[in-house]
Protein chains: 2
Amino acid sequence: MSGTHADVPTLVSTPLPGPVPSDEYDRCPVTDVIRRVGDKWTLLVLVLLGRRAHRYNELHREIDGISQRMLTRTLRALEDDLLVCREVFPTVPPSVEYSLTPLGRSLLEPLSALADWAVENETEIAAARHRPTLETKNAR
Amino acid sequence: MSGTHADVPTLVSTPLPGPVPSDEYDRCPVTDVIRRVGDKWTLLVLVLLGRRAHRYNELHREIDGISQRMLTRTLRALEDDLLVCREVFPTVPPSVEYSLTPLGRSLLEPLSALADWAVENETEIAAARHRPTLETKNAR
DNA sequence: CCGGATCCCATACGATACTG
DNA sequence: CAGTATCGTATGGGATCCGG
């Protein structure tokens with residue numbers, strides 16, 4: 001914060017000569033991470049697992065409205081990226097526990113910074129959305 | 001960073017009693033912001049505008065592969081959230097200049113933190129993706 | 001130069017039913 | 001308990017053409 005529009009670290013300061021090549025952009029690690037976390041459930045799952053390890057149905061109960069299908073897919077995707085860890089205990093009936101990996105926990109830090117920004121500027125954003133659709137004449 | 005898995009600020013530390021209500025979650029400012037930035041082009045547009053103001057076709061040339069439709073939609077959405085500012089100059093032919101609002105610039109800071117994380121852990125993530133699909137027996 | 005309107009596809013997501 | 005399979009719908013996004 002501090003300065004009104006201080007220099008932003010990397011990202012903005014690094015130069016780019018020509019246009020951004022499309023295929024290079026598709027593989028950009030930054031966009032990649034944001035898009036992966038930007039789906040409907042991933043963030044919430046990460047946050048819940050950041051509090052403590054959960055079993056499958058614990059998550060299913062705590063996340064109101066998620067379908068089994070999406071919970072499974074979300075967990076699998078996170079597991080594939082080594083952000084969450086899946087442990088099967090051979091009890092009967094079997095129980096599966098999900099927890100954050102160190103990598104997953106480290107991701108929660110910058111995510112939390114973003115969350116703080118969102119909360120701080122929540123009212124400003126909300127106010128913007130409720131503007132009278134910008135007159136002119138028809139529906140914009 | 002520092003500690004391997006230090007406590008993460010807000011987000012994780014605030015308690016939640018019961019399951020997360022679905023409609024409340026839909027309006028969660030944090031998820032809202034992440035999803036808004038998590039589409040295909042928004043982040044790149046924000047970064048480019050973070051460097052300097054751009055005209056419409058400047059952006060179109062710099063962002064290889066974006067369609068006019070999506071560039072316009074992306075800019076409109078950002079404008080609606082007061083993250084970018086649109087100025088029309090009554091020249092002939094008309095020219096339009098886009099720039100970040102103070103709010104938009106402030107968003108770039110937490111976003112940049114996330115970007116740094118992505119770059120730092122790029123290799124680890126990439127390595128995870130290339131695992132031999134996790135044996136067991138069938139195709140998982 | 002800066003878009004809007006239209007069509008069309010791929011994917012995200014939800015609902016439901018079934019299984020080891 | 002912890003999933004998989006199948007379906008249908010909603011949305012994101014590209015291509016193309018049209019207009020002030």
Side-chain angles (χ1 to χ4, degrees), chain A residues 22-23 25-26 31-32 34-45 49 53-80 84-99 133-134 136-140, chain B residues 20 22-23 25-26 31-32 34-45 49 53-80 84-99 134 136-140:
Chain A
S22 54
D23 51 339
Y25 174 61
D26 281 340
T31 305
D32 198 48
I34 296 218
R35 298 208 68 179
R36 172 138 322 225
V37 175
D39 69 354
K40 189 165 186 179
W41 304 109
T42 297
L43 177 65
L44 183 52
V45 169
L49 292 183
H54 281 73
R55 297 189 35 193
Y56 182 88
N57 274 354
E58 278 184 311
L59 287 171
H60 196 204
R61 277 189 299 273
E62 284 206 57
I63 305 177
D64 188 56
I66 195 173
S67 61
Q68 289 193 331
R69 172 180 142 90
M70 287 316 296
L71 178 54
T72 300
R73 283 177 61 97
T74 302
L75 288 169
R76 288 283 181 276
L78 288 172
E79 192 192 350
D80 285 346
V84 322
C85 167
R86 177 177 186 264
E87 281 182 293
V88 183
F89 298 99
T91 60
V92 44
S95 65
V96 181
E97 191 172 277
Y98 293 93
S99 57
T133 26
L134 220 47
T136 48
K137 51 175 180 293
N138 50 17
R140 187 183 200 106
Chain B
V20 179
S22 54
D23 49 341
Y25 174 61
D26 282 340
T31 305
D32 198 48
I34 297 218
R35 298 207 69 179
R36 171 136 327 221
V37 175
D39 69 353
K40 190 166 185 179
W41 305 107
T42 296
L43 178 64
L44 182 51
V45 169
L49 292 183
H54 281 73
R55 300 204 19 209
Y56 182 86
N57 273 355
E58 277 185 311
L59 287 172
H60 196 205
R61 276 189 300 273
E62 284 206 57
I63 306 177
D64 188 55
I66 194 174
S67 62
Q68 289 193 334
R69 173 180 139 92
M70 286 316 296
L71 179 54
T72 300
R73 283 175 60 98
T74 302
L75 288 169
R76 287 283 179 275
L78 288 171
E79 192 192 348
D80 285 346
V84 321
C85 168
R86 176 178 187 262
E87 280 182 293
V88 183
F89 298 99
T91 60
V92 43
S95 65
V96 182
E97 190 173 278
Y98 295 91
S99 58
L134 218 50
T136 48
K137 50 176 180 293
N138 50 17
R140 188 184 197 104

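Every heavy atom of this structure was used, including side-chain atoms; hydrogens, water molecules and symmetry mates were not. The chains referred to below are lettered A, B, ... by the order of the sequence lines, with proteins before strands, and numbering in each begins at 1.
- For Y98(B) and dC1(C), the shortest distance from a side-chain N or O to OP1 or OP2 is not below 4.0 Å.
- Between Q68(A) atom CD and dT4(D) atom P the separation is 10 Å, expressed in whole Å.
- Across the protein-nucleic acid pair, H54(A) atom NE2 and dA2(D) atom C1' stand 16 Å apart, rounded to whole Å.
- Neither OP1 nor OP2 of dC1(D) sits under 4.0 Å from any side-chain N or O of R55(A).
- Annotation: of the two residues near DNA chain C, I66(A) and P93(A), the 5′-most nearest-nucleotide partner is I66(A).
- Look at CZ on R36(A): it is 14 Å from C1' on dT11(C), rounded to the nearest Å.
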Quiz item: When you look at M70(A) and K40(A), which way does the side-chain contact (heavy atoms from CB on, under 4.5 Å) test go after all the steps?
Solution: CA-CA 9 Å; M70(A) 287 316 296; K40(A) 189 165 186 179; over 6 Å; no

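- Rounded to a whole Å, the CH2 atom of W41(B) is 5 Å from the P atom of dG14(D).
- Residue K40(A) has no polar side-chain atom (N or O) positioned under 4.0 Å from OP1 or OP2 of dT11(D).
- Proximity of T31(B) to L44(A): side-chain heavy atoms (C-beta onward) are nowhere separated by under 4.5 Å.
- Regarding L44(A), its CG atom lies at a distance of 13 Å from the P atom of dC13(C), rounded to whole Å.
- Nucleotide dG3(D) holds its P atom 12 Å from the NE2 atom of H60(A), rounded to whole Å.
- With R55(A) contributing its side chain and E97(A) its backbone, the two residues share no donor-acceptor pair below 3.5 Å.
- Listed nucleotides: dC1(D), dC1(C), dG3(C). Nearest to the side chain of N57(A): dC1(D).
- Between R76(B) and dG4(C) there is a side-chain polar atom (N or O) within less than 4.0 angstrom of OP1 or OP2.
- As a whole-Å value, the separation of L75(B) CG from dG13(D) P is 14 Å.
- Summarising the geometry, the separation between CD on E58(A) and P on dC1(D) is reported as 11 Å, rounded to the nearest angstrom.
- Along DNA chain D, the nucleotide nearest M70(B) and the nucleotide nearest T72(A) are compared for position; the residue whose nucleotide lies closer to the 5' end is T72(A).
- Listed nucleotides: dG13(D), dC2(C), dG3(D). Nearest to the side chain of R35(A): dG13(D).
- A donor-acceptor pair under 3.5 Å links the side-chain atoms of R35(B) to the main chain of G38(A), judged by distance alone.
- At a cut-off of 3.5 angstrom, the base of dG13(D) holds at least one donor-acceptor pair with the side chain of R69(B).
- Proximity of L75(A) to L59(A): side-chain heavy atoms (C-beta onward) are separated by under 4.5 Å at one or more points.
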